Amino acid sequence: MNPRDKRPGEKRTFGGGRPAGAVWYVLGFLLVMAIVQAYFVAPAGKPISYSEFKQAIRSGQVVEVFVGEQSIRGTYKKETNGGSSFTTSRIEDPKLIEDFDAAGVKYTGEFVSRWLPEVLGWIVPLLLLFGIWTFFLRRMGGAEGGVMSFARSKHRVFAEDDVKVSFADVAGVDEAEQELKEIVEFLRNPGKYTTLGGRIPKGVLLVGPPGTGKTLLARAVAGEAKVPFFSLSGSEFVEMFVGVGAARVRDLFQQAEAKAPCIIFIDELDALGRARAQGPMGSHEEREQTLNQLLAEMDGFDSRKAIIIMAATNRPEVLDPALLRPGRFDRQVLVDKPDVKGREEVLRIHTRNVKLAPAVSLRLIAARTAGFAGADLANLVNEAALLAARTDKVSVEAVDFEAAIDRLIAGLERKRVMSGKEREIVAYHESGHAIVATAIPGMDPVHKISIVQRGFGALGYTMQLPLEDRYLMQRGDLLNQLAVLLGGRTAEEIALGEISTGAQNDLQRATDIARAMVTEWGMSDVLGAINYDGHKRSKFLDIPVGPERGPYGEDTARIIDAEVKRIMTEAHNTARRLLTARRPLLDIVTRRLLEQEVMEGAELREILGAPPGAPEESPETTPRPPGVH
Ligand code: ADP
Ligand code: MG
Ligand code: ZN
């Protein structure tokens with residue numbers, strides 16, 4: 001996992017964790033208010049009582065007075081009080097003017113305009129309130145200014161016009177790269193494809209564990225095609241206020257259309273595209289609206305316009321199925337963790353600017369870092385370089401890499417990097433699937449075997465690609481399929497004399513098939529052609545719905561169980577027979593797999609001496625989902 005990755009749904013807050021900002025805000029306004037008060041409201045001079053004032057007038061100590069509305073300000077004569085000034089409050093006194101005249105005081109009626117202090121007295125608190133209000137709105141509104149950014153959203157999405165990343169910066173994900181080359185080709189030359197009326201893929205979803213280079217690949221596509229690259233994170237769409245995210249999506253597509261050909265990249269799509277009506281917190285109206293807007297835009301824009309929407313996620317299972325429908329993100333590209341060769345290439349890329357000691361073998365480092373993703377390897381190189389620098393070396397040596405690996409593996413331990421023993425078990429298991437699948441004639445050919453740990457829980461996999469679409473399966477086909485499914489576990493039994501928990505999913509699937517053979521497809525001679533489970537399966541999805549058990553009695557249930565068991569045992573025996581006869585080959589395939597971590601179908605068939613098999617993929621048809629065990 002890449003520690004620099006931002007978690008989906010995590011929000012950055014403006015000025016978060018700095019409450020002092022608010023305090024200064026308030027204090028500033030208070031200060032302004034105090035000054036205003038002092039200037040316009042508070043009287044100047046030494047306050048004296050009215051009787052003192054009268055006394056001073058009568059005794060001729062005063063030169064000049066200003067009679068204000070509520071107060072009287074005056075200045076003493078130089079001789080008496082050094083010419084200082086005073087104030088007193090004004091009291092109803094009809095004889096005041098006579099006194100002034102008698103004492104020979106210069107007097108003026110002062111016209112004080114009251115509107116300024118009064119208006120300020122209103123406005124300052126208002127401003128203050130407004131300031132506090134916007135301040136909190138911003139904090140709530142997340143990233144760049146909450147509601148305020150609604151209008152400004154135009155400036156937020158920034159199109160990188162000249163992306164410097166290319167496929168040369170990405171390694172270890174050759175299959176994904178291969179698929180994306182087609183997109184690059186199209187973006188470079190959209191006319192060529194559209195003049196013939198062809199339609200271009202709209203959405204490409206990069207799926208894979210964190211740190212495998214999904215973001216990097218998307219940028220590389222833009223860099224290779226030399227088109228502008230609009231990049232946003234899914235969480236940036238999800239705002240506090242309903243409608244803002246949707247407006248942002250609309251805006252994004254408008255901008256993109258103006259710049260076509262270009263790429264829109266939505267990173268961490270799961271933050272936005274999580275299946276609707278999920279979660280205990282009631283409806284997520286904002287996210288839903290945003291998602292709907294995205295779907296509408298994707299459906300709406302002219303597919304002849306060369307805009308490719310790419311997205312990345314490491315949690316494809318939570319995505320709303322609507323996103324994966326044809327015309328949306330219907331292309332899915334698996335970006336997997338690299339195998340040993342891939343890791344070596346990734347290391348080569350990241351050590352381009354690192355001074356390596358001559359004895360450093362990247363191959364050896366790659367061999368020691370099973371389970372590392374690209375980002376982990378980049379991290380490793382950096383860590384090793386830092387360690388070397390700390391001890392004032394002139395180049396990074398093998399021991400630095402060793403130390404860095406140890407340190408990183410300790411950190412990765414929680415993420416379960418497989419131990420040597422576990423790798424061996426997985427290798428035997430996958431070899432078992434693959435050998436059984438190849439040994440039985442007429443099975444879907446094995447496309448690839450891998451013991452590279454994947455992010456989705458699988459420790460390894462054997463992938464079979466069907467040669468043709470199949471709508472009907474015969475009983476023999478199903479029995480063979482069961483043998484393949486049980487092949488993994490059987491290989492563990494034969495080679496290691498022990499079975500592991502790794503076969504749980506295989507067993508589940510095998511049992512489902514066996515049960516369906518008995519209860520749904522009438523393939524058991526004992527029970528005959530009766531469907532015992534009714535319409536249990538959803539019409540469009542291959543998932544069981546409704547109650548587990550159909551309307552049958554205890555006796556029938558017992559017979560069903562016995563039949564399922566019999567079929568499973570038969571399949572198990574087939575797998576054991578096939579594998580025992582190929583015992584030395586099982587070891588060879590396993591050892592090869594432990595060395596190189598992945599094996600192509602062709603290589604496997606060569607080892608087994610099987611016919612090379614028909615061409616596996618024809619680009620014209622999308623194969624039905626491959627069987628993965
Ligand atoms: P993701 O988006 O899949 O989580 P990133 O693309 O963000 O992974 O990868 C983070 C960094 O790790 C990249 O910037 C790059 O330096 C490095 N990296 C990851 N995968 C690869 C790879 N396949 N080849 C080269 N570098 C990689
Ligand atoms: Mg990423
Ligand atoms: Zn398996």
Side-chain angles (χ1 to χ4, degrees), residues 426 428-447 449 458-495 499-533 536-537 542-544 548 557-583 586 589 601 604 608 610 624-629:
V426 174
Y428 269 114
H429 181 104
E430 299 306 332
S431 302
H433 283 308
I435 291 176
V436 174
T438 312
I440 299 174
M443 292 301 287
D444 292 337
V446 171
H447 172 64
I449 326 171
L459 298 175
Y461 61 88
T462 301
M463 188 186 281
Q464 290 172 268
L465 276 186
L467 289 178
E468 59 204 4
D469 276 0
R470 285 202 192 154
Y471 299 101
L472 283 175
M473 299 278 269
Q474 289 175 318
R475 180 154 82 176
D477 298 334
L478 289 167
L479 286 172
N480 287 340
Q481 205 174 341
L482 289 181
V484 173
L485 278 170
L486 294 178
R489 174 196 162 94
T490 312
E492 289 181 51
E493 269 167 33
I494 292 175
I499 44 180
S500 70
T501 53
Q504 192 252 350
N505 183 37
D506 297 336
L507 278 185
Q508 172 95 50
R509 283 167 57 188
T511 313
D512 281 351
I513 291 175
R515 184 165 281 278
M517 286 172 73
V518 176
T519 63
E520 288 180 49
W521 302 322
M523 287 178 176
S524 152
D525 294 333
V526 181
L527 285 161
I530 298 174
N531 182 330
Y532 285 96
D533 271 1
K536 225 177 59 173
R537 273 160 205 280
D542 192 24
I543 48 166
E548 267 304 301
R558 211 168 296 130
I559 300 174
I560 288 175
D561 286 344
E563 276 297 282
V564 170
K565 185 149 191 276
R566 189 186 56 77
I567 291 174
M568 293 286 282
T569 310
E570 198 180 309
H572 194 182
N573 287 338
T574 309
R576 190 174 344 203
R577 188 167 40 76
L578 291 170
L579 286 172
T580 314
R582 291 167 180 77
R583 185 59 230 273
L586 177 61
V589 174
L604 174 76
L608 296 182
R624 84 184 144 98
V628 177
H629 326 292

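From a predicted model like this one, the values you see are computed outputs, not experimental measurements.
- Side-chain contact between Val436 and Leu486 is absent, with no heavy atoms from C-beta onward closer than 4.5 Å.
- Between the CG atom in Leu479 and the CD atom in Glu570 there is a gap of 5.5 Å [rounded to 0.5 Å].
- The shortest non-hydrogen separation linking Gly487 to Ala575 is CA-CB, 4.2 Å.
- Looking at Asp477, its side chain does come within 3.5 Å of a backbone N or O of Gln474 through a donor-acceptor pair.
- Here Arg566 pairs with Glu563 in a salt bridge; the nearest charged N to carboxylate O distance falls below 4.0 Å.
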Test log, rule side-chain contact (heavy atoms from CB on, under 4.5 Å), inputs Met443 and Val484: CA-CA 9 Å; Met443 292 301 287; Val484 173; 3.5 Å; yes
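- At distances below 3.5 Å, at least one donor-acceptor pair connects side-chain atoms of Arg582 with backbone N or O atoms of Leu578.
- Tyr428 and Ala491 make their closest contact through O-CB, 3.4 Å (heavy atoms, listed as atom of the first residue, atom of the second, distance).
- Between Ala434 and Ile449 the shortest heavy-atom distance is CB-CD1, 3.5 Å.
- Summarising the geometry, atom CG belonging to Leu579 is positioned 6.5 Å from atom OG1 belonging to Thr490; distances are rounded to the nearest 0.5 Å.
- Rounding to the nearest 0.5 Å places CG of Leu482 at 11.0 Å from CZ of Arg509.
- Atom CE of Met517 is separated from atom CZ of Arg475 by 6.5 Å, given to the nearest 0.5 angstrom.
- In this structure, Ile499 CD1 and Leu507 CG are separated by 8.5 Å, a value rounded to the nearest 0.5 Å.
- Here the side chain of Glu492 pairs a donor or acceptor atom with the backbone of Ser500 at under 3.5 angstrom.
- Looking at heavy atoms from C-beta onward, Ile494 lies in side-chain contact with Arg576 at the 4.5 angstrom threshold.
- Residues His433 and Asp506 form a side-chain contact, since some pair of their non-hydrogen atoms from C-beta on lies under 4.5 Å apart.
- Side-chain contact check for Leu608 versus Leu604: some heavy-atom pair is nearer than 4.5 Å.
- At least one side-chain heavy atom of Val426 sits under 4.5 Å from a side-chain heavy atom of Glu430.
- Note that NE2 of His572 is 15.5 Å distant from CD1 of Ile567, once rounded to the nearest 0.5 Å.
- Using a 4.0 Å cut-off between a side-chain N of Lys or Arg and a carboxylate O of Asp or Glu, Asp561 and Arg515 qualify as a salt bridge.
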